[in-house]
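A short worksheet on the structure shown next.
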2 protein chains.
Amino acid sequence: MSIRHAILGFLSWKPFTGYELKKRFADSLSFHWSGNNAQIYGSLVKLHEEGLVTIEVRQQDKRPAQKIYTITEAGRRELKAWLLAEPELPELRNLFHIRLAWAELLGSRELELTVEAYGRLLEAQVLMCRETRRRGSEETPNRSPRESFIWKSVEDNRIEGFERELAWLRSLEEGLKNFPEARP
Amino acid sequence: MSIRHAILGFLSWKPFTGYELKKRFADSLSFHWSGNNAQIYGSLVKLHEEGLVTIEVRQQDKRPAQKIYTITEAGRRELKAWLLAEPELPELRNLFHIRLAWAELLGSRELELTVEAYGRLLEAQVLMCRETRRRGSEETPNRSPRESFIWKSVEDNRIEGFERELAWLRSLEEGLKNFPEARP
DNA sequence: CAAAGCATGTAAGCAGTTACATGATTGT
DNA sequence: ACAATCATGTAACTGCTTACATGCTTTG
């Protein structure tokens with residue numbers, strides 16, 4: 001349970017076309033969904049079948065026709081039920097950590113290199129998140145104070161998470177210096 | 001790319017049956033795979049077709065026959081290539097954070113309640129991780145010092161991650177007290 | 001006597017991805 | 001001229017999950 005609710009969430013703000021929703025998903029980092037249209041268009045069809053959204057087709061000249069989706073009362077109920085449902089733990093799968101389980105198969109130098117590569121990735125990610133946060137605060141829409149506070153918290157949390165991972169990696173690097181060469 | 005490599009990783013230690021692998025996956029928290037046999041048995045069939053493992057059938061009396069899987073040289077090469085491949089960012093999908101995007105649809109009290117529920121989840125998870133770490137250090141197999149150090153680091157990292165999330169949640173709770181009731 | 005463990009597997013389905021297909025319009 | 005944007009959609013695939021099926025043995 002899944003992207004359907006996030007779509008309903010967006011539609012609770014105002015009606016959107018599939019294309020616009022796709023962009024929303026693609027733009028927002030915290031939303032981890034890649035914004036691929038196959039899934040979004042498919043979900044919209046299902047949401048419509050279930051009566052959670054309505055469709056209005058608008059013809060345009062010089063542009064393809066749009067399908068504008070609007071949330072229904074049943075959709076709002078479904079959305080609210082989701083918001084009140086029992087929270088789930090964050091799912092985190094860190095393939096790098098899993099790979100470390102077999103670090104013994106690597107020489108010290110090889111291990112060092114992958115650790116550094118992971119570090120560079122994390123650094124880039126932290127920079128990107130910071131940039132997104134900076135730009136996001138300029139184009140903030142009309143949000144209530146509470147809403148703004150929450151969004152900022154979540155964004156900060158994301159950055160802190162990556163920063164913490166990076167700090168952890170640095171300490172790992174330091175620690176590894178005490179094991180000069182595992183397989184001589 | 002995926003559980004196949006983790007299976008090869010386990011097999012690099014020693015031969016295993018599908019059933020034993022299933023238990024390995026189910027036991028280890030950091031491995032996020034649920035240890036469901038459909039996937040493991042299926043992967044083993046494929047790994048065999050690709051020549052990355054060999055199968056030996058051992059008949060037992062009073063027990064079903066076992067299929068013992070052994071990694072091949074090609075399998076070891078594949079495993080090593082994976083270990084040296086470009087690292088990936090951790091995938092984290094936190095549905096609770098996403099839900100917070102629509103917190104405006106909830107009253108202060110409702111929001112408080114879900115935040116508390118998420119906090120209880122996190123607390124339980126931290127306790128469970130600590131317990132796993134404690135018990136794990138007792139039954140540690142014959143690992144090199146470097147390997148032990150790495151495993152401990154990864155486990156600590158996991159716990160710190162949940163603790164950080166919990167600390168963040170507490171600060172969020174504090175902050176929310178400044179917005180007594182968004183929709184009066 | 002029931003439940004858990006040993007040991008294999010299959011079937012059905014969900015969530016999500018990549019890549020393809022069409023076709024006009026606008027920007028570099 | 002080429003690429004990007006607007007706007008819809010389909011097909012094929014991967015990875016993973018739940019649930020089912022079988023059948024014998026050990027433990028509580």
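Here is how names work: the chains are called A, B, and so on, in the same order as the sequence lines, proteins then strands, and each is numbered from 1.
Nucleic acid contact for A:G42: none, since no nucleic acid atom lies under 4.0 Å from a heavy atom of the residue. Residue contacts shown for A:K23 are limited to sugar-phosphate atoms, with no base heavy atom under 4.0 Å away.
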Exercise. Going through the checks in order, is the salt bridge (charged side-chain N to carboxylate O under 4.0 Å, His left out) test met by A:E155 and A:R158?
Worked result: CA-CA 5 Å; A:E155 272 184 343; A:R158 198 179 160 76; over 6 Å; no
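Note on A:K46 versus A:E49: no salt bridge recorded, every NZ/NE/NH1/NH2 to OD/OE distance being 4.0 Å or above. Salt-bridge annotation for B:E131 and B:R134: present, with a side-chain N of the basic residue lying under 4.0 Å from a carboxylate O of the acidic one. A salt bridge is absent between A:E86 and B:R120; no separation between the charged side-chain nitrogens and carboxylate oxygens falls under 4.0 Å.
Note: OH (B:Y19) to P (C:dA4) measures 13 Å, nearest angstrom. The interatomic distance linking B:Y41 (OH) with D:dG15 (C1') rounds to 19 Å, in whole Å. If you measure from atom CG of A:L44 to atom P of D:dA7, you get 15 Å, rounded to the nearest angstrom.
Phosphate proximity of C:dC6 to B:Q66: absent, as no side-chain N or O sits under 4.0 Å from OP1 or OP2. Between A:R93 and D:dC16 there is a side-chain N or O to OP1 or OP2 distance below 4.0 Å.
The CD1 atom of B:I3 sits 11.0 Å away from the CG atom of B:L8 when rounded to the nearest 0.5 Å.
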Seminar exercise, completed: Counting primed atoms, P, OP1 and OP2 as sugar-phosphate and everything else as base, the B/S/- map of nucleotides 17-28 of chain C against protein heavy atoms under 4.0 Å is BBB---B-SS--
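A donor-acceptor distance shorter than 3.5 angstrom exists from the side chain of A:T72 to the backbone of A:L52, with no hydrogens or angles considered.
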